[in-house]
Enquirer: 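Okay, handing you the structure first.
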Amino acid sequence: MSLAEVDLWQDLRRHTQARIGLGRSGDAQPTRSVLEFRAAHALARDAVHQPLDIGHLAQQVATVGLGEPAAVTSQASSREEYLRRPDLGRLPKDLSEIQCSAAQVGFVLCDGLSPAALTEHGVPLLRALVDVVGAHRTIATPVIATGARVALGDHIGQAMGVQTLVVLIGERPGLSVASSLGLYLTHLPRPGRTDAERNCVSNVHPPDGLGYLEAARVIDVLITGARQLGRSGVDLKATSVAVLDGTASTTLS
């Protein structure tokens, strides 16, 4: 690899987290690249299996000012079963702790496939959502869900009695990002809703991914659209929505 090629790759690396232009040592990759890959793989595995500290998270969520969050679990009895049986992660074990509310919007914080992401980004993102969405809508007391897949939110949202539910969930870790959150919006949540009836805002992990405030503004636009349309999902689209001081745009579908 010539000096010019090295400089080219170094410039491109500043614009992506992908592993590009790794070079070679003989007929293999350089030792540094191999070790960095193994470290990233270990971080991704740890993010999946790391247990969520529910007590600590609940204390942090309570400081947001929406009350003490209820904690629910899915029918998956262990982390191993959760990974093997996605269907059990979509079904609640017990919803009796959830109080029915007349609020317009509800938030559920789910561990998903990266409890580490919820631990790192969950509360700051929730604060941004409350600041933006709560400025002109009523919000129910949040719920924390473990062993959770996105569809578990349909049962929780119905029990909460909210019109629109937003699930904050740890996304599947990758070799570039091990702790990233996704948000799934469902209008009029109830069991049986399909993925086509939701809207997703993904890749929330500042500073390299989507920022908390930016994500909250996008969700706010989607909530407005869902309320006007009467439903969420594939029929709800907001194209080139300005979300940061009128300068940045995000294409949603």
Side-chain angles (χ1 to χ4, degrees), residues 40-58 60-61 69-95 98 106-129 142-157 159-160 164-186 189 191 193-206 208-210 212 215-216 218-219 222 232:
H41 185 255
L43 286 173
R45 288 177 60 89
D46 288 347
V48 171
H49 293 285
Q50 174 183 314
L52 181 68
D53 188 338
I54 302 174
H56 179 66
L57 181 63
Q60 290 185 309
V61 170
V72 303
T73 64
S74 72
Q75 292 185 11
S77 60
S78 66
R79 193 64 181 171
E80 290 71 21
E81 186 174 51
Y82 167 78
L83 296 173
R84 293 196 312 267
R85 295 284 306 275
D87 57 316
L88 296 180
R90 302 183 182 107
L91 301 173
K93 184 177 181 180
D94 182 14
L95 298 178
I98 298 177
F107 295 112
V108 181
L109 291 83
C110 301
D111 53 1
L113 287 169
S114 179
L118 187 62
T119 299
E120 182 177 354
H121 303 296
V123 173
L125 177 56
L126 179 63
R127 288 187 187 279
L129 288 164
V143 173
I144 299 173
T146 55
R149 303 281 176 170
V150 173
L152 182 63
D154 297 333
H155 300 266
I156 296 173
M160 293 173 78
T164 307
L165 186 78
V166 180
V167 169
L168 290 66
I169 190 166
E171 296 180 316
R172 184 186 304 274
L175 294 175
S176 297
V177 180
S179 56
S180 177
L181 280 184
L183 299 97
Y184 290 82
L185 180 147
T186 306
R193 288 294 193 192
T194 67
D195 289 340
E197 296 175 286
R198 316 184 203 284
N199 294 88
C200 175
V201 177
S202 63
N203 207 36
V204 181
H205 59 96
D208 299 313
L210 195 65
Y212 305 135
V218 174
I219 286 293
L222 286 172
S232 53

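Just so you know, these numbers use all the heavy atoms, side chains as well, and skip hydrogens, waters and symmetry mates.
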Enquirer: Among all residues two or more places apart in sequence or in another chain, which pass the salt bridge (Lys or Arg N to Asp or Glu O under 4.0 Å) test with D208?
Expert: none

Enquirer: Can you measure from OG1 (T73) to CG (D111) and round to the nearest 0.5 angstrom?
Expert: 10.0 Å

Enquirer: If you measure from NE2 on H121 to CG on L210, what distance do you get to the nearest 0.5 Å?
Expert: 11.0 Å

Enquirer: If the condition is side-chain hydrogen bond (donor to acceptor under 3.5 Å, both in side chains), which residues does S74 pass it with, not counting sequence neighbours?
Expert: none

Enquirer: Less than 3.5 Å apart, any donor N or O on the side chain of S114 or E171 sitting next to an acceptor on the other?
Expert: no

Enquirer: Of all heavy-atom pairs between L152 and G89, which one has the smallest distance, and what is that distance?
Expert: CB-O, 3.5 Å

Enquirer: Could you tell me if the side chain of V108 sits less than 4.5 Å from the side chain of P142, heavy atoms only?
Expert: no

Enquirer: Looking only at non-hydrogen atoms, find the nearest pair between Y212 and E120 and report the distance.
Expert: OH-O, 4.1 Å

Enquirer: Roughly how far apart are Y184 OH and S202 OG, rounded to 0.5 Å?
Expert: 7.0 Å

Enquirer: Quick one, R90 and P191 - any side-chain contact, counting heavy atoms below 4.5 Å?
Expert: no

Enquirer: Does V204 form a side-chain contact (heavy atoms from CB on, under 4.5 Å) with L125? I'd like the steps, not just the answer.
Expert: CA-CA 9 Å; V204 181; L125 177 56; 4.2 Å; yes

Enquirer: Should L129 and L168 count as side-chain neighbours, where that means a heavy-atom distance under 4.5 Å?
Expert: yes

Enquirer: Do you know which two heavy atoms are closest between L113 and Y82, and how far apart they sit?
Expert: N-OH, 3.7 Å

Enquirer: Would you please name every residue forming a side-chain hydrogen bond (donor to acceptor under 3.5 Å, both in side chains) with R149, sequence neighbours left out?
Expert: none

Enquirer: Testing the basics here: between I54 and A71, what is the closest heavy-atom pair and its distance to 0.1 Å?
Expert: CG2-CB, 4.2 Å

Enquirer: Distance check, rounded to the nearest 0.5 Å: N203 atom CG versus L183 atom CG?
Expert: 11.5 Å

Enquirer: Just wondering, do V72 and I156 contact through their side chains at under 4.5 Å, heavy atoms?
Expert: yes

Enquirer: Do H155 and L95 have side chains that get closer than 4.5 Å, going by heavy atoms?
Expert: yes

Enquirer: Check whether Q75 reaches the backbone of P92 with its side chain - one donor and one acceptor, N or O, closer than 3.5 Å.
Expert: yes

Enquirer: Nearest 0.5 Å please: distance from the CZ atom of F107 over to the CG atom of L185.
Expert: 9.0 Å

Enquirer: Less than 4.5 Å apart, any side-chain heavy atom of I144 and any of V61?
Expert: yes

Enquirer: Would a 4.5 Å heavy-atom cut-off, applied to side chains only, mark S77 and K93 as touching?
Expert: no

Enquirer: Run the side-chain contact (heavy atoms from CB on, under 4.5 Å) check on L91 and R85 step by step: do they pass?
Expert: CA-CA 11 Å; L91 301 173; R85 295 284 306 275; over 6 Å; no

Enquirer: Could you go step by step and tell me if I169 and L181 meet the side-chain contact (heavy atoms from CB on, under 4.5 Å) rule?
Expert: CA-CA 6 Å; I169 190 166; L181 280 184; 5.7 Å; no

Enquirer: Which atom names give the shortest non-hydrogen contact between Q60 and R127, and what distance separates them?
Expert: O-NH2, 4.3 Å

Enquirer: On a heavy-atom basis, which atom in V167 and which in G153 lie closest, and how many Å separate them?
Expert: CG2-CA, 4.0 Å

Enquirer: So, do Q50 and L118 sit near enough that their side-chain heavy atoms are less than 4.5 Å apart?
Expert: no

Enquirer: Please check if any side-chain donor atom of R198 sits under 3.5 Å from a side-chain acceptor atom of T186, or the reverse.
Expert: yes

